[in-house]
There are 2 protein chains.
Amino acid sequence: MQLTSKGRYAVSAMVDLAKHQNTGPITLASISDRQFISLSYLEQLFRKLREANLVESVRGPGGGYTLAKEPSEISISLIMRAVNEEVQTTLCKDEDTGCHRGSRCETHNLWTALGFHIKFFLETVTIQDVCDDKNYIDTLKAVEKSLMQQ
Amino acid sequence: MQLTSKGRYAVSAMVDLAKHQNTGPITLASISDRQFISLSYLEQLFRKLREANLVESVRGPGGGYTLAKEPSEISISLIMRAVNEEVQTTLCKDEDTGCHRGSRCETHNLWTALGFHIKFFLETVTIQDVCDDKNYIDTLKAVEKSLMQQ
DNA sequence: GAAATACTTGACTATATCAGTCGGGTATAG
DNA sequence: CTATACCCGACTGATATAGTCAAGTATTTC
C-alpha cells in the first residue's frame, strides 16, 4: 500500500510555485530544475492542475504559471484530486447499501474511519502551511476534534 | 492513490477467522465461501500471514487455520505488514539525511505527519475491535492523546 | 516579421504491481 | 489407501505509474 509519487510531485511543484511566484509567472523549466521532476511530466501534471483551476498560465516569453488562488485557499486534498490521486480506502460503490454482493462487510466501518481520517487531514492542510513548514500537530488536533463531532 | 484490495482481503479473512475459530481450525475453503475471495489467492495470503506468526495451520482432514494470538493482540497494522501492504507516504530512504538528491524536501514534514497518523491508527485498531464493530471514535481519541504528548 | 520562449496536446512506452490462476506437491485423519 | 486440506513455485492478464516524444499554438522581443 503506497501513496504514489504523482501526488507528491504535484504538491512539491505547487509549493515551489507558491514560494517563487512573487516575481511573476514561473516556468515549468525552473520548477523542473529545482524539484528534480522531468519537464514533460510536469507539463502533464500542470494540465490537470489548470483544468482544476488551481493554476493559471501565461504563454509566450516571460510566461509561466501562477497560483489561481491564495496559498491558504489551496488544500493538499484539492491538488491530489486534481491529479487523480484521491485516496480511496474502500471499493464500495454504494455507501448505503453495502460493500460486496449485497452484504455490508464486517470491515466497512474500519476503512471508512481510516478514509475520513486521511481525508480530513489533507483537506485541512494548505499550501500555505507547507510553505511555513508548519508543525502539523495542531492540524492533527483539529482533525481529531472535527471527527469527534461526527 | 488507492489503498489496494490485498490488505483489505487479508483483514477480512482474519476477522472471519476470529469469528469462527471457536469450533476449531477453519478451512480456507469456508473463508473463501463467506468472504468471496478465491481459494488460491487466500492460500497466497495465508502463507504470508503464517510466516508473520499471525496464524497457525493444522494439516490434514479437519485441519485449517487458527489465530496465533488473541484477537485483541493482532493489530490491523500487523496484518498489513505481513502481506507487504505497509503504508508508505514518503520515498525517503534515509529519514535523517533528507529526501532526494541530498536536500530535505519542503513537503517532508507533511508526508511524515500523514504517515504517522495512518500508522498510529492502524496500530491501535485490533481484530477484536473490528469483530465488535467498534465505533472508532474512541480510537481517534487515543490517537489525539498520544499526538499531544509529542 | 523572424525567432525565441514557453505553454498545449496527443500519443506512446517500459516497468511494476495487483489480483488471480494453475499444477503440482506434502502431511494427516479415518 | 484415500480424501482432505495445507504448502509452494511459477505463471498470467490487466492496470497504473512514471516518463518520453513529437508536434503543435500563443506571445514577446529584437
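Below, read A as the first sequence line, B as the second, and so on, with proteins coming before strands; counting in each chain starts at 1.
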For a quick check, with a 4.0 angstrom heavy-atom cut-off, what is the B/S/- contact string for nucleotides 22-30 of chain C, read 5' to 3'? B--BBBBB-
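The salt bridge (charged side-chain N to carboxylate O under 4.0 Å, His left out) pairs that include a residue from residues 13-24 of chain B are A/E106-B/K19, B/D16-B/R34, where partners are two or more places apart or lie in different chains.
A/S38 is linked by a side chain to side chain contact (heavy atoms under 4.5 Å, CB included) to A/S40, A/Y41, counting only residues two or more places apart in sequence or in another chain. Partners of A/S77 under the side chain to side chain contact (heavy atoms under 4.5 Å, CB included) rule, at least two apart in sequence or in another chain, are A/S75, A/R81, A/L122, A/E123. For A/S32, the side-chain hydrogen bond (donor to acceptor under 3.5 Å, both in side chains) criterion is met by no residue, not counting sequence neighbours.
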Less than 3.5 Å apart, which donor and acceptor atoms pair up between the side chains of residues 125-134 of chain A and the rest of the protein, not counting sequence neighbours?
from	atom 1	to	atom 2	distance (Å)
A/T126	OG1	A/Q128	N	3.3
A/T126	OG1	A/D129	N	3.3
A/T126	OG1	A/D129	OD2	3.4
A/Q128	NE2	A/D132	OD1	3.2
A/D129	OD2	A/T126	N	3.0
A/D133	OD1	B/N109	ND2	2.9

Which pairs of donor and acceptor atoms, one on a side chain in residues 52-72 of chain B, lie under 3.5 Å apart (sequence neighbours left out)?
none

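Among the heavy atoms of the strands lying under 4.0 Å from A/R47 is at least one base atom, whether or not backbone atoms are also near.
Listed by residue number, the members of residues 12-26 of chain A with any heavy atom below 4.0 angstrom from DNA chain C are A/I26.
For the pair A/V58 and A/G7, nearest-nucleotide mapping onto DNA chain D gives the more 5' position to A/G7.
In this structure, the nucleotide among D/dA18, C/dG20, D/dC6 sitting nearest to the side chain of B/L28 is D/dC6.
Residue A/Q44 contributes atom CD, which lies 14 Å from atom P of D/dA16 at whole-angstrom precision.
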